[in-house]
Protein chains: 2
Amino acid sequence: MPMGLNAQELDRIEEVVAVRRKIKRGTALFSNGEKFTSLYAIRTGFFKTCIATEDGRDQVTGFQMAGEVIGLDGIVNDHHTCDAVALEDAEVCVMPFDRIEEISREVNALQHHVHKIMSREIVREHGVMLLLGSMRAEERLAAFLLNLTQRLRTRGFSASSLILRMTREEIGSYLGLKLETVSRAFSRFQEEGILSVKQRHIEVLDPDALQKLVNGTAC
Amino acid sequence: MPMGLNAQELDRIEEVVAVRRKIKRGTALFSNGEKFTSLYAIRTGFFKTCIATEDGRDQVTGFQMAGEVIGLDGIVNDHHTCDAVALEDAEVCVMPFDRIEEISREVNALQHHVHKIMSREIVREHGVMLLLGSMRAEERLAAFLLNLTQRLRTRGFSASSLILRMTREEIGSYLGLKLETVSRAFSRFQEEGILSVKQRHIEVLDPDALQKLVNGTAC
DNA sequence: CGCGTCATTGATGTGCATCAAGTGGTGTGG
DNA sequence: CCACACCACTTGATGCACATCAATGACGCG
């Protein structure tokens, strides 16, 4: 949320964030083709966004957690182009986009904040493109885990112990790998003492080793 | 550019678009790490954007042509995170971002236009992620060529005859392939009568075949 | 307890990378 | 104007990382 606001500006922003919505695990917050009306700020829970084509191809484009905003894809054509599915029971703030535009004309900090959120998403996707285009399986998983732990850390959670909210198949879809390959990479990290893996419970024992994999120093 | 404006609004927008800059082929419009000040609207010429990591990994994240906007990556951290390099002599409009924000507070159409441009980029990158994560080499090249011809068509150029502004290596980098693989895919398309390939001069003989490849109907 | 879902592990196959040689087009300087 | 060098491209031979196919194992839930 933007900083350094006076009381009046804060009121205006509170206003746009008033409506809440609860999403049950496994159900969609919005779906491909649906009319776009609002952005959503995640209050609690964990989401994936994914696109699917007619011919059955489909891809997870991102995992989102509390504090992050989803729905940006809908702005261009007034319709969503992907599905946002809750991976656990979740709650979001519904932020009507016309209200956001209206208020961001008055509150400069909000305007800039919105621009930064969209720019951040563009930069994040650049990173994913780099990952998909030039990394090998273990490097991809290492990058994924580092990203996840870092985001958890900024939210005050442990950086070393985490519980995955998604299946191996969903991780694979995000990373451009098959679930078996993801599973094997986990097993390999465990053998090497980098991780402790018990189903979805992950313990990061050697974060530096993960970092080296991503940077290529290990080669 | 946004539509349906009155004369006064148009003046305001003309104002932000006044400064021009010429870029010689092979030189950078901006580079990774550089301070972000402006977005750039391409007037003429052809660009690539690419990211490079310390360890030598690098990836073309997009190709941009006249009418498109680059520099959006710089907004988040006030610094650019990629390089924009001209693939031929080019000219851009320099649009200082603080002026854009200022004017878009007054001109609703501009505000929404900016949001749409950013959202479009996000959606485009979703498509690239799908491509990198789940398509095979020939499907990737087919998708790339269809995208290119479509963008050229909307600019009034022929949809069937085009001259590539980039090398096989740059195409490969964008598509997550090696240059030899790109070259082989071109040769294969030529054998099958889908394309006529003479160096960088491409003739699309059977656009439907390309479309089928992308959709997977051919499998 | 028994079933369904998710995960692990092994055996085999394949698409693309890698290595390597050769071709053609372009620009430069004699 | 030609000879040369350079670069982008093509094409073939080989290897490897990951996909695919298949069987088994662990957990949670009715």
Side-chain angles (χ1 to χ4, degrees), chain A residues 24-26 46 48 56-60 85 87-89 131-145 163-192 195-203 213 216 218-219, chain B residues 24-26 48 56-60 85 87-88 131-144 163-192 195-202 213 216 218-219:
Chain A
K24 277 242 160 301
R25 175 190 158 142
F46 209 94
K48 67 170 178 181
R57 241 191 275 276
D58 96 288
Q59 174 101 3
V60 173
V85 177
L87 296 178
E88 55 184 2
D89 290 359
L131 181 150
L132 291 172
S134 71
M135 289 187 180
R136 328 238 253 73
E138 292 184 12
E139 297 168 343
R140 294 184 198 193
L141 186 62
F144 170 72
L145 289 171
I163 294 171
L164 299 174
R165 256 70 229 217
M166 69 293 281
T167 67
R168 301 287 191 261
E169 186 167 17
E170 287 163 336
I171 296 172
S173 173
Y174 181 59
L175 299 178
L177 302 169
K178 292 290 149 180
L179 70 97
E180 294 95 327
T181 305
V182 174
S183 180
R184 275 184 247 270
F186 270 123
S187 300
R188 194 133 212 282
F189 285 163
Q190 180 153 249
E191 281 169 28
E192 292 171 352
L195 298 180
S196 152
V197 182
K198 291 207 181 67
Q199 301 291 124
R200 296 198 184 180
H201 188 102
I202 310 292
E203 211 57 70
L213 268 173
C219 305
Chain B
K24 277 241 160 300
R25 175 189 155 140
K48 68 170 176 182
R57 243 191 273 276
D58 97 290
Q59 174 101 2
V60 172
V85 177
L87 296 177
E88 55 185 1
L131 180 149
L132 290 171
S134 73
M135 289 188 180
R136 329 242 252 70
E138 293 184 8
E139 297 167 342
R140 294 183 198 194
L141 187 61
F144 170 72
I163 295 172
L164 298 174
R165 257 71 226 219
M166 69 293 281
T167 67
R168 302 285 190 264
E169 186 168 17
E170 286 164 337
I171 297 172
S173 173
Y174 181 58
L175 299 178
L177 302 169
K178 292 290 148 181
L179 69 97
E180 295 95 326
T181 306
V182 174
S183 180
R184 275 184 247 269
F186 270 123
S187 300
R188 193 135 211 283
F189 285 164
Q190 180 153 249
E191 279 169 30
E192 292 170 353
L195 298 180
S196 152
V197 182
K198 292 205 182 68
Q199 301 290 123
R200 296 197 186 179
H201 189 104
I202 309 292
L213 267 172
C219 305

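To find a chain, count down the sequence lines: A is the first, B the second, and so on, and within it residues start at 1.
Gly172(B) comes within 4.0 angstrom of nothing in the nucleic acid, heavy atoms only. Using a 4.0 Å heavy-atom distance criterion, Leu179(B) is classed as a base contact. Counting any heavy atom pair closer than 4.0 Å across all strands shown, Gln199(A) reaches sugar-phosphate atoms only and no base atom.
Screening residues 167-177 of chain A for salt bridge (Lys or Arg N to Asp or Glu O under 4.0 Å) gives Lys48(A)-Glu170(A) as the qualifying pairs, with residues at least two apart or on separate chains.
At least one side-chain heavy atom of Gln59(B) sits less than 4.5 Å from a side-chain heavy atom of Leu132(B). Between Ile171(B) and Leu141(B), the closest side-chain pair of non-hydrogen atoms falls below 4.5 Å. Considering only heavy atoms from C-beta on, Gln199(A) stays 4.5 Å or farther from Leu164(A) through its side chain. Using a 4.5 Å heavy-atom threshold, the side chains of Phe189(A) and Ile202(A) count as separate. Side-chain contact check for Thr181(B) versus Leu175(B): every heavy-atom pair is 4.5 Å or farther apart. Tyr174(B) is not listed as a side-chain neighbour of Val182(B), based on a closest heavy-atom distance of 4.5 Å or more.
Remark: P of dC19(C) and NZ of Lys178(B) are 10 Å apart, rounded to the nearest angstrom. With rounding to whole Å, Leu87(A) atom CG is found 17 Å from dT5(C) atom P. The CD1 atom of Ile171(B) sits 17 Å away from the C1' atom of dC16(C) (whole-angstrom rounding). Rounded to whole Å, the distance from CZ on Arg140(B) to P on dC16(C) is 7 Å. Rounded to a whole Å, the CG atom of Leu177(B) is 11 Å from the P atom of dT18(C). Rounded to an integer number of Å, the gap from CG of Leu132(B) to C1' of dC16(C) is 14 Å.
Comparing Ala137(A) and Ser183(B) along DNA chain D, the residue whose closest nucleotide (by nearest heavy atom) sits nearer the 5' end is Ser183(B). Between Met135(A) and Glu180(A), the residue anchored nearer the 5' end of DNA chain D, judged by the nucleotide with its closest heavy atom, is Met135(A).
Contacts of residues 184-191 of chain A with DNA chain C (heavy atom under 4.0 Å): Arg184(A), Ser187(A).
Here the range on DNA chain D touched by chain A, meaning any atom under 4.0 Å from one of its heavy atoms, is dC18(D) to dC21(D).
Each of Arg165(B), Arg200(B), Arg25(B) was checked for a salt bridge (charged side-chain N to carboxylate O under 4.0 Å, His left out) with Glu88(B), and the lone residue meeting it is Arg165(B).
Comparing atom distances between the Arg136(B) side chain and each of dA7(C), dT8(C), dC16(C) picks out dC16(C) as nearest.
For Ser196(A) (side chain) and Glu203(A) (main-chain N/O), no donor-acceptor pair under 3.5 Å exists by modelled atom type.
The side chain of Arg200(A) places no N or O atom within less than 4.0 Å of a non-bridging phosphate oxygen (OP1 or OP2) of dC6(C).
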